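First comes the structure, then the notes that go with it.
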Protein chains: 2
Amino acid sequence: MKFTINRSAFISQLNNVLRAISSKTTIPILTGLKMVVDQDKIVLTGSNSDITIESVIDASDESYELSVEQPGAIVLPARFFSEIVKKLPDKQVTIEVANGFQADITSGTAKFQINGQDAGNFPHLPEISSDKNITLPNDVLKEVVRQTVIAVSKQESRPILAGVHFTLQDGMLTAVATDSHRLAQRKVALQNVESSISFNVIIPGNSLNELSGMISDVESDVQLQVSENQVLFIFGNTHFYSRLLEGNYPETSQLIPTTSDTSVELESGSFLASIERASLLSHESRNDVVKLTINPDENSVQISSDSPDIGTVEEKVATTGVEGQELEISFNPNYMKDALRSFGQATIKISFTSALRPFTLVPTEDQENFIHLITPVRTF
Amino acid sequence: MKFTINRSAFISQLNNVLRAISSKTTIPILTGLKMVVDQDKIVLTGSNSDITIESVIDASDESYELSVEQPGAIVLPARFFSEIVKKLPDKQVTIEVANGFQADITSGTAKFQINGQDAGNFPHLPEISSDKNITLPNDVLKEVVRQTVIAVSKQESRPILAGVHFTLQDGMLTAVATDSHRLAQRKVALQNVESSISFNVIIPGNSLNELSGMISDVESDVQLQVSENQVLFIFGNTHFYSRLLEGNYPETSQLIPTTSDTSVELESGSFLASIERASLLSHESRNDVVKLTINPDENSVQISSDSPDIGTVEEKVATTGVEGQELEISFNPNYMKDALRSFGQATIKISFTSALRPFTLVPTEDQENFIHLITPVRTF
């Protein structure tokens, strides 16, 4: 195996694949990066058994300046190899495996020789043969992930809640996540999807976070293929595989209240700033809660928190509408901050029923397709 | 006590003083920030008993938009108070202590009330009455600190080595630090200093690191006042006090070799890059050393490292001159990296006597005033 490649173009593909590779793994070969060199391309693979990322370097893309002298395959220690490539002196790097599994890495006057492993020992990729195949605009997928993945559970007690529940039915994609204290649900009506295609899968939150990071600077659409226990996202020259969580996701639709007694309309951005201020104080106290006092008659909403040792905070919240019954309600400010950030800069409507029942946040402009629900904290 | 001030100008002074304040302190009041408000100025003080920083906000400086309604003094929880001020909504903030030690912080629609402490309980500043008073150009002081503080010992076994030894004699300022594996010495001939002024003090490395950070964006000269157990640096509107280390600094001048058998001239920047590459490999092995092989007859210098499990690296080093005897010498690459960084981009001369004796680095252009010494590692 021997090839020469433009170093910085190579590094960007290495970085992609490195996202899947962890130095903490029970399968030693997975700390390695698999490189398979053909006459016209190189395929890089990294995996942590939950996620597998495959990146194809195509010789026809001139930015790689790829010249393959001898095909072959090797597994090299991933972090160490990529650190070396990043630090090399020259514009190009040549990688050669001449005897056994020892790789020579040459660039300018520097020459490294590092020990690799047999590529034949690297676990095989999951096979996905699926007719459940849809294409999503990049920015839609990013938004769906961003708005739901925050509500994924970090607790290990209910592993099924560590994923986002994706269903496709009659061309409507629905993504839901809940950690049982809050819930986020996003719907997207997909164009150009055959109504016969449907699926019902739970994708781990960690996989979606990695995926988000990777598609953030890609422009192309993302193809999504679903099989029984794997999902595959294809974008640019990258294949991103994630295992699915097994089991049945709890029924969530009946958790969302359909009536309300008090509602407030406000700008998510300025409300977020108020919550962040109040939480400075609440974070200092043992029970980290802030209180909202809503008085529709006086058209006023006030946020407050207190901690006997430290002090108190109160602030009048700017609103564009207050309706219904008077209400005092307390909640964890971190849940509210996460929720408000997921709305970006938008006018939102918050609807309450009582001080002990979950309340909902929706964008005023589009109340059907995105809803966030937060369970309040009992303080009395 | 009551005043109103421009929030962002106030924050920049808070940040200055915060550098001295640690949340881990055995003296609880030192987690606080002392604020003393006069008609025409506010003095902020923070201290961790090693370092004390005092910042003066002068009402005559219009950027503060300072308006004092009522003088007074208070100690407020430093981190928490500054987080609040940073998050407040309005351009200005009003701070008032109306009853007891409770401070009202108001800005726009937000109002915090936080518990403070009696300013009378804050430790008093060290008094410095000294005629040992010199003025240093800001960039000279920064360079002297940068070039010496890297060699300060991080071990607690010899506390005296945790400082930089500064002496002033006949207008020559000398700064030396050593951790017994390496040594850095910098001399500066000061202009406009009376030859009668002399001192001999050890300033803690940590204090100098903090000082460096603070003067990096200040343009003015720095005044330095030395007393028996404190040093005071004055710059802009800031007073920076540090305690001195007590004891006698070891005699270091005889450690510096005066002859050499092999010498190499090279560019510090490109040599640093070579060392960084080689150290990628050496860091992976148990004894973290790189080897330099110098062959004056062939005009060649080669750097190499190997680690049986991982692999090997070798690189031809670009030089502008190689003289003397053949030599193989091994050293800790971290010491070399620190040393090379302290030279910036310069041509340097490295002089060796033997594989077991310390070697020296000096700038080719100015071999008298800056010297760095590294002890090699025995590998045979």
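Remember, it's a predicted structure, so these values are computed and weren't measured experimentally. Labels below follow one simple rule: chain letters A, B, ... track the order of the sequence lines, proteins then strands, and each chain is numbered from 1.
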Inset, instruction - Of all the heavy-atom pairs spanning B:K87 and A:R277, show the shortest one and how long it is. - result: O-NH1, 2.8 Å
Legend entry - Enclosure of A:E323 CD (heavy-atom neighbours >12, cutoff 6.0 Å): no
Inset, instruction - Tell me, for A:L88 versus chain B, whether the close heavy atoms (under 4.5 Å) come from the side chain, the backbone, both or neither. - result: both
Legend entry - Which atoms of B:A273 approach chain A - backbone, side chain, both or neither, heavy atom under 4.5 Å: neither
Legend entry - Inter-residue atom distance A:L281.CG - B:I84.CD1, 0.5 Å rounding: 6.5 Å
Legend entry - From CD (A:E284) to CZ (B:R79), nearest 0.5 Å: 12.0 Å
Legend entry - Heavy atoms of other groups near A:Q13 CD, more than 12 under 6.0 Å: yes
Inset, instruction - Hey, could you give me the CD1/CD1 distance between B:I310 and A:I114, rounded to the nearest 0.5 Å? - result: 8.5 Å
Inset, instruction - With the side chain counted from C-beta on, respond yes when A:V313 and B:K111 share a heavy-atom pair under 4.5 Å apart, and no when they do not. - result: no
Inset, instruction - Heavy-atom distances under 4.5 Å only: say whether B:D309 touches chain A with side chain, backbone, both or neither. - result: backbone
Inset, instruction - Measure B:Q102 against the heavy atoms of chain A and call it side chain, backbone, both or neither at under 4.5 Å. - result: neither
Inset, instruction - For the residue pair A:F112 and B:E314, establish whether any side-chain heavy-atom pair is separated by less than 4.5 Å. - result: no
Inset, instruction - State, to 0.1 Å, how close A:L280 and B:F80 come at their nearest heavy-atom pair, and which atoms those are. - result: O-CE1, 3.2 Å
